[in-house]
Asker: 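Sharing a structure below in structure tokens format, with a few things to ask.
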Amino acid sequence: MQNNNDKKDDISKRLEELKKQRKNQNNGGNNNNNKPPFNRFPIVLGVIMLVLLLTALPGLTDKFDASMQNRKEVEYTDFVNKVKTGVIKEVGEKDEFILGKVKEGDKEITYKTRKITERVGDDPNLMSVINTANAKLNVQQPTAPSLFWPILINFLPVILIIGAFVYLSKKMSSGQGGPGQIFNFGKTKVNKNENLSKVKFDDVAGVDEAKEELKEIVEFLKNPEKFTKAGARVPKGVLLLGRPGTGKTLLAKAVAGESGASFFSISGSEFVEMFVGVGASRVRDLFEKAKKSKPAIIFIDEIDAVGRKRGTGKHGGNDEREQTLNQLLVEMDGFETDEKIIVVAATNREDVLDPALLRAGRFDRRISVDAPDVQGRIAILEVHAKNKKLAPDVELGDIAKITPGFVGADLENLLNEAAILAAREGRDTIKMSDLDEAVDKIGMGLGQKSKIIRPEEKRLLAYHEAGHAVVSELTPEADPVHKVTIIPRGSAGGFMMPLPEEKLVTGSKKIIADIRVSFGGRAAEELVLDDISTGAYSDIRHVTGLAKAYVTKVGMSEKIGPINLEPQDGEFLLSSGMSDETAREVDLEVRGLLKREYNNTLELLRENRDKLDGVAELLLKKETITGSEVRAVISGKPLEEIESDEAKEDTVSKLLDEEAVIEEEVKQDETSHKQTENS
């Protein structure tokens with residue numbers, strides 16, 4: 001009995017689902033499977049035109065056949081003589097012509113001449129000749145002239161215009177294609193994604209604080225009574241702030257996936273159209289759809305496109321955008337506390353948003369989605385490495401250390417580039433070298449190993465990069481060296497990659513250390529080559545920016561004092577806000593700071609010339625060296641020992657690779673053996 005009841009319940013559920021589907025079909029739901037495969041109106045119009053063509057076909061065929069025959073028009077007297085002499089033995093008539101057929105061999109020639117009477121039978125001269133010559137006469141019976149073709153020709157343009165109007169009306173009313181959108185301007189282009197159950201908070205890494213905040217949103221959607229009983233109000237809006245690629249959209253999807261709510265995603269720019277009032281209508285339509293599918297999440301990406309600060313109206317502006325923003329403000333403020341609808345918006349431009357949009361009661365929470373730290377980057381790399389095979393030598397922690405500032409999208413792209421590099425060599429396993437190359441490729445550009453470099457240029461590059469590396473290792477506050485290379489990459493002839501330590505604040509000594517490290521390349525060129533090159537252009541530009549920030553922004557200059565000299569009154573203010581005297585003092589202080597630190601860098605390299613020569617020589621031999629090799633040279637270790645240690649490390653890594661291959665083969669053999677036993 002229990003089984004029968006279960007079957008009845010299943011059948012009842014299926015019937016209910018079928019009724020809902022049928023109701024959606026009758027309401028014109030967006031079901032592509034229920035659309036007719038063809039548009040019927042063009043087919044009907046084509047059939048009508050075909051019938052008209054078939055009606056006219058006999059006349060057209062007759063004219064075509066006649067045009068294909070050999071016809072000769074002769075004078076009336078010549079035609080009568082040919083009948084009299086027996087050349088023409090059969091006489092007929094058609095329209096205003098008298099026809100006479102003559103066979104000449106295999107060809108049939110038709111002579112014609114114009115009538116002198118309305119009918120051949122009314123021509124006594126021709127009739128007597130026909131009777132005398134015993135010729136055959138085919139008399140045409142008079143018929144009333146047809147009015148069909150004149151009427152059709154006169155009314156055909158009107159018929160075509162009416163048909164085109166009906167066709168366009170059908171297209172417009174259905175809202176399909178081109179001009180059909182004219183009646184759907186007020187409808188939102190929102191995308192309702194119901195298949196988000198696979199996206200969970202476990203798929204989002206590196207933003208733990210943001211996830212904790214959003215977990216409460218999930219609780220609000222699942223069990224709002226738990227909070228309303230305590231007098232708490234369900235948040236109406238959540239604003240996600242952060243750099244592009246930090247995972248704001250993924251977090252919104254995870255909220256929908258965890259809560260099981262309907263997820264409506266739309267871009268802020270899709271609200272704005274050239275017609276005034278369309279955006280406001282779309283906002284109303286969007287919220288109406290969300291209310292019908294609650295619990296629901298409305299995700300508006302790049303909300304700054306529609307939520308910018310409103311102007312005074314004195315100097316024109318986009319009234320359509322302001323009306324759309326006004327409607328959005330009204331809709332968000334009109335929610336009830338038990339609506340189970342939450343608006344999640346994302347932007348990286350909080351400074352341009354309208355204050356009315358950010359007030360409590362609209363966007364109650366502002367969650368900052370920052371770039372992840374080292375542990376966050378490790379977690380993100382582990383998430384994106386789940387479907388990839390990694391070699392035993394891969395250390396995701398080391399990759400995370402050399403990718404400060406990388407966000408989730410960058411790290412995903414990093415692993416993808418490494419997988420592509422492995423596939424180029426015919427491998428399905430990603431090695432540490434692939435990841436290292438991917439970091440360089442993303443950070444500096446594509447490597448140019450085949451580029452021909454003259455020996456003197458190669459020596460200049462070696463000393464330039466060696467200068468950066470030696471100063472970085474000998475300056476206490478500077479970051480340690482991770483890698484140095486003189487292989488051209490992107491627009492750079494070479495580069496020194498540091499291993500930065502992430503800090504919340506930056507001290508004045510760290511800024512001075514960065515200035516010295518950047519000056520290391522130019523100072524090495526001047527010290528060793530007795531010349532300087534344009535290769536230090538980006539370094540000089542960088543240190544100039546650091547020095548100006550040191551003096552004018554963070555107030556670390558002793559002479560100028562703790563004062564901020566940035567423009568205070570707006571983003572587009574042309575004036576610097578400084579007097580001429582202060583500007584001159586700032587210029588002198590910046591110039592003096594840079595000159596002083598450049599001389600200090602030059603003196604540091606002069607005192608450690610042997611270390612500079614050692615690193616440059618190793619670079620000329622290997623083209624790419626690691627930070628540990630740089631530190632070994634600076635500590636006084638001979639180059640021969642460093643090269644032998646590297647050879648040992650290469651041998652160990654090869655053995656590890658071979659061991660990994662053997663372990664993989666053993667696993668495959670065990671799996672195939674078990675499958676054989678089971679079969």
Side-chain angles (χ1 to χ4, degrees), residues 199 201 203-221 233-259 261 263-272 283 286 297-310 321 324-325 328-329 331-333 335 341-377 379-380 403-412 502-505 566 570-571:
V199 184
F201 279 131
D203 300 319
V204 187
V207 283
D208 295 335
E209 292 79 7
K211 284 200 298 185
E212 290 299 323
E213 286 286 323
L214 291 173
K215 283 180 181 178
E216 290 188 6
I217 303 299
V218 174
E219 286 294 323
F220 275 124
L221 291 171
R233 177 175 53 81
V234 178
K236 297 178 181 178
V238 178
L239 185 62
L240 301 177
L241 307 169
R243 287 169 47 191
T246 50
K248 301 185 290 296
T249 304
L250 191 62
L251 280 169
K253 291 181 179 180
V255 172
E258 292 283 351
S259 63
F263 186 76
F264 296 86
S265 63
I266 192 170
S267 172
S269 61
E270 294 182 21
F271 287 114
V272 182
V283 171
L286 169 63
I297 293 174
I298 298 174
F299 177 64
I300 305 176
D301 198 9
E302 304 297 342
I303 194 174
D304 51 276
V306 69
R308 285 178 174 265
K309 295 177 182 177
R310 289 167 289 185
R321 182 179 58 78
T324 306
L325 174 59
L328 181 62
L329 296 175
E331 290 290 343
M332 290 191 68
D333 206 25
F335 283 173
I341 299 174
I342 293 178
V343 180
V344 180
T347 183
N348 51 6
R349 298 289 308 277
E350 182 189 12
D351 56 312
V352 303
L353 294 179
D354 193 277
L357 194 64
L358 299 176
R359 75 159 174 82
R362 290 195 175 108
F363 282 107
D364 301 283
R365 293 192 177 185
R366 276 176 274 184
I367 300 176
S368 180
V369 187
D370 298 322
D373 57 7
V374 176
Q375 297 301 322
R377 291 196 294 275
I380 293 172
T403 53
F406 275 42
V407 295
D410 298 327
L411 296 171
E412 181 186 11
E502 296 181 62
K503 299 178 180 179
L504 292 176
V505 294
E566 292 178 293
E571 182 180 0

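Everything numeric in this text was worked out from a predicted model, so none of it was measured.
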Asker: Minimum heavy-atom separation for A360 to D364, with atom names?
Answerer: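 Taking A360 first and D364 second, the nearest heavy atoms are C-OD1, 4.0 Å.
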
Asker: Would you name the heavy atoms of R365 and F220 that are closest together and state the gap between them?
Answerer: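 In terms of heavy atoms, the two residues are closest at NH2-CE1, 4.2 Å.
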
Asker: With rounding to the nearest 0.5 angstrom, report the OG to CD distance, S368 to E209.
Answerer: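 Separation between the atoms: 9.5 Å.
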
Asker: Quick one, L239 with I303, criterion side chain to side chain contact (heavy atoms under 4.5 Å, CB included). Give me CA distance, side-chain angles, the key distance, then yes/no.
Answerer: CA-CA 9 Å; L239 185 62; I303 194 174; 4.2 Å; yes

Asker: Report the distance from atom CG of L251 to atom OG1 of T246, rounding to the nearest 0.5 Å.
Answerer: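 Between L251 CG and T246 OG1, I get 8.0 Å after rounding to 0.5 Å.
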
Asker: After noting the C-alpha distance and the side-chain angles of D304 and L353, does the key distance pass the side chain to side chain contact (heavy atoms under 4.5 Å, CB included) rule?
Answerer: CA-CA 6 Å; D304 51 276; L353 294 179; 4.0 Å; yes

Asker: Closer than 3.5 angstrom, by distance alone: can the side chain of K248 be matched with the main-chain N or O of G242 as a donor-acceptor pair?
Answerer: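 Here the side-chain-to-backbone pair exists.
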
Asker: Measuring from F263:CZ to K253:NZ, what's the distance to the nearest 0.5 Å?
Answerer: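 Nearest 0.5 Å value for the CZ-NZ distance: 6.5 Å.
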
Asker: Quickly, which of V238, V255, I217, I341 forms a side chain to side chain contact (heavy atoms under 4.5 Å, CB included) with I297? Name it, please.
Answerer: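 Among the candidates, only V255 passes.
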
Asker: What's the shortest heavy-atom distance between L357 and R362, and which atoms?
Answerer: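 It is O-CB, 3.7 Å.
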
Asker: Can you name the closest pair of heavy atoms from F299 and A252 and give their distance?
Answerer: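 The pair with the smallest heavy-atom distance is CD1-CB, 3.5 Å.
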
Asker: First locate atom CD of Q375, then atom CZ of R377, and finally report the distance between them rounded to the nearest 0.5 Å.
Answerer: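 With rounding to 0.5 Å, CD (Q375) is 9.5 Å from CZ (R377).
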
Asker: What verdict does the side chain to side chain contact (heavy atoms under 4.5 Å, CB included) test give for V343 and K236, after you've listed the backbone C-alpha separation in whole Å, the side-chain angles of each residue and the deciding distance to 0.1 Å?
Answerer: CA-CA 6 Å; V343 180; K236 297 178 181 178; over 6 Å; no

Asker: Quick one: OG1 on T347 to CG on L241, what's the gap to the nearest 0.5 Å?
Answerer: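 Nearest 0.5 Å value for the OG1-CG distance: 7.0 Å.
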
Asker: Looking at every heavy atom in both L325 and G307, which two are closest together, and how far apart are they?
Answerer: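 Looks like CD1-CA, 3.8 Å.
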
Asker: Given 3.5 Å as the limit, does a donor-acceptor pair link the side chain of R243 with the main chain of A371, or not?
Answerer: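 Flag not set: sc R243 to bb A371 has no pair under 3.5 Å.
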
Asker: Do you know the tightest heavy-atom contact between F201 and K215?
Answerer: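 For F201 and K215, the tightest heavy-atom pair comes out as CE1-CG, 3.7 Å.
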
Asker: So, taking the atom named CD1 in I298 and the one named CG in L286, what distance separates them when rounded to the nearest 0.5 Å?
Answerer: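 The CG atom of L286 is 4.5 Å from CD1 of I298, to the nearest 0.5 Å.
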
